[in-house]
J.: 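Pasting in a structure now, in structure tokens, and then I'll have a few things to ask.
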Amino acid sequence: MKGENVSAWEVERVVSAHPEVEDCAVIGVASDVGEADIKLFVQLRQPGALEPSALWQWLAPRLASFQMPRYIAFLNAFPRTASERIMKHQLDRSVDDCWSVPDRHIHP
């Protein structure tokens with residue numbers, strides 16, 4: 001993710017602190033430039049209670065610029081293992097069906 005080592009756990013910990021977030025997961029997705037972009041998946045406590053842009057704005061002062069997600073997708077539920085761990089390998093890596101940060105807001 002742009003030459004920096006991004007800890008998914010650190011980003012997920014901050015996202016989980018938002019009062020509307022039930023659970024979340026971060027993955028790397030193909031980038032037009034550089035190594036990878038960050039895609040954030042979020043399960044809300046109440047569907048529709050939060051817009052992706054509002055979440056992104058809430059995260060901006062709490063995460064380093066290289067930790068900020070480029071894409072945000074909301075899910076009703078995560079695919080999980082029998083032990084309730086999120087199966088990140090089953091999350092959709094496409095970026096066509098999710099919110100994307102407007103280009104003017106992408107951090108270098």
J.: CD/Gln46 to CD/Glu20 distance, rounded to the nearest 0.5 angstrom?
T.: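 Going from the CD atom of Gln46 to the CD atom of Glu20 covers 6.5 Å.
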J.: So, taking the atom named CZ in Phe66 and the one named CD1 in Ile38, what distance separates them when rounded to the nearest 0.5 Å?
T.: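 Between atom CZ of Phe66 and atom CD1 of Ile38 there are 8.5 Å.
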J.: I need the minimum non-hydrogen distance between Ala30 and Asp37, along with the two atoms involved.
T.: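 So the minimum-distance heavy-atom pair works out to O-OD2, 4.1 Å.
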J.: Kindly list each side-chain donor-acceptor pair under 3.5 angstrom involving residues 88-96, sequence neighbours excluded, with atom names and distances?
T.:
{"residue": "Lys88", "atom": "NZ", "partner": "Glu12", "partner atom": "OE2", "Å": "2.6"}
{"residue": "Lys88", "atom": "NZ", "partner": "Val26", "partner atom": "O", "Å": "3.3"}
{"residue": "Asp92", "atom": "OD1", "partner": "Ser94", "partner atom": "N", "Å": "2.9"}
{"residue": "Asp92", "atom": "OD1", "partner": "Ser94", "partner atom": "OG", "Å": "3.0"}
{"residue": "Asp92", "atom": "OD2", "partner": "Ser94", "partner atom": "OG", "Å": "3.0"}

J.: Rounded to the nearest 0.5 Å, what separation is found between the CG atom of Leu44 and the CG atom of Asp23?
T.: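 One finds 11.0 Å between CG of Leu44 and CG of Asp23.
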J.: Tell me, yes or no, whether the heavy-atom count around Asn76 atom CG, taken from other residues, nucleotides or ligands under 6.0 Å, exceeds 12.
T.: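 Open.
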J.: Evaluate the side-chain proximity of Met87 to Phe78: yes if any heavy-atom separation is below 4.5 Å, no if none is.
T.: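 No, their side chains stay 4.5 Å or more apart.
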J.: Does any part of the side chain of Leu50, heavy atoms only, come nearer than 4.5 Å to the side chain of His18, both counted from C-beta?
T.: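 Sidechains of Leu50 and His18: in contact.
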J.: Restricting to side chain to side chain donor-acceptor pair (under 3.5 Å), what partner residues turn up for Glu10, sequence neighbours left out?
T.: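 Result, side chain to side chain donor-acceptor pair (under 3.5 Å) vs Glu10: Gln67.
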J.: Taking only residues at least two apart or on different chains, which pairs with a member in residues 20-49 satisfy ring-ring contact (aromatic ring centres under 6.0 Å, His included)?
T.: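 Found none.
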J.: Using 0.5 Å steps for rounding, measure from the CG atom of Leu55 to the CG atom of Leu40.
T.: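 It comes to 6.0 Å.
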J.: State whether the side chain of Trp56 and the backbone N or O of Val101 hold a donor-acceptor pair below 3.5 Å, judged by distance alone.
T.: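 Pair absent, no side-chain N/O of Trp56 close to backbone of Val101.
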J.: Show, in sequence, the C-alpha distance, side-chain angles and deciding distance for Arg45 and Glu22, and conclude whether the salt bridge (Lys or Arg N to Asp or Glu O under 4.0 Å) test is met.
T.: CA-CA 5 Å; Arg45 294 184 192 285; Glu22 178 71 28; 3.1 Å; yes
J.: So does Glu51 have more than 12 non-hydrogen atoms from other groups sitting under 6.0 Å from CD?
T.: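 At most 12 heavy atoms, drawn from other residues, nucleotides or ligands, come within 6.0 Å of this atom.
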J.: What distance do Ser100 atom OG and Tyr71 atom OH have between them, rounded to the nearest 0.5 Å?
T.: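 Atom-to-atom, Ser100:OG and Tyr71:OH are 5.0 Å apart.
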J.: Could you tell me the separation between the OG atom of Ser53 and the CD1 atom of Ile72, rounded to the nearest 0.5 Å?
T.: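 Nearest 0.5 Å value for the OG-CD1 distance: 8.0 Å.
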J.: Check this for me, if you would: do Asp32 and Arg70 make a salt bridge, where the nitrogen-to-carboxylate-oxygen distance has to be below 4.0 angstrom?
T.: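 Result for this pair is no, no salt bridge flagged.
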J.: Take Gln43 and Val21 through the test side chain to side chain contact (heavy atoms under 4.5 Å, CB included) and record every step on the way to the result.
T.: CA-CA 6 Å; Gln43 179 182 346; Val21 173; over 6 Å; no
J.: Do Ser31 side-chain atoms and Glu35 backbone N/O form a donor-acceptor pair below 3.5 Å?
T.: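 No, Ser31 side chain to Glu35 backbone: no donor-acceptor pair under 3.5 Å.
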J.: Which atom names give the shortest non-hydrogen contact between Trp58 and Ala17, and what distance separates them?
T.: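 Taking every non-hydrogen atom into account, CH2-C, 3.8 Å.
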J.: Heavy atoms only: give me the nearest Ala36-Gly28 pair and the separation to one decimal.
T.: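 The answer is CB-CA, 4.5 Å.
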J.: What's the shortest heavy-atom distance between Ala73 and Lys39, and which atoms?
T.: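 Here Ala73 and Lys39 meet closest at CB-CE, 4.0 Å.
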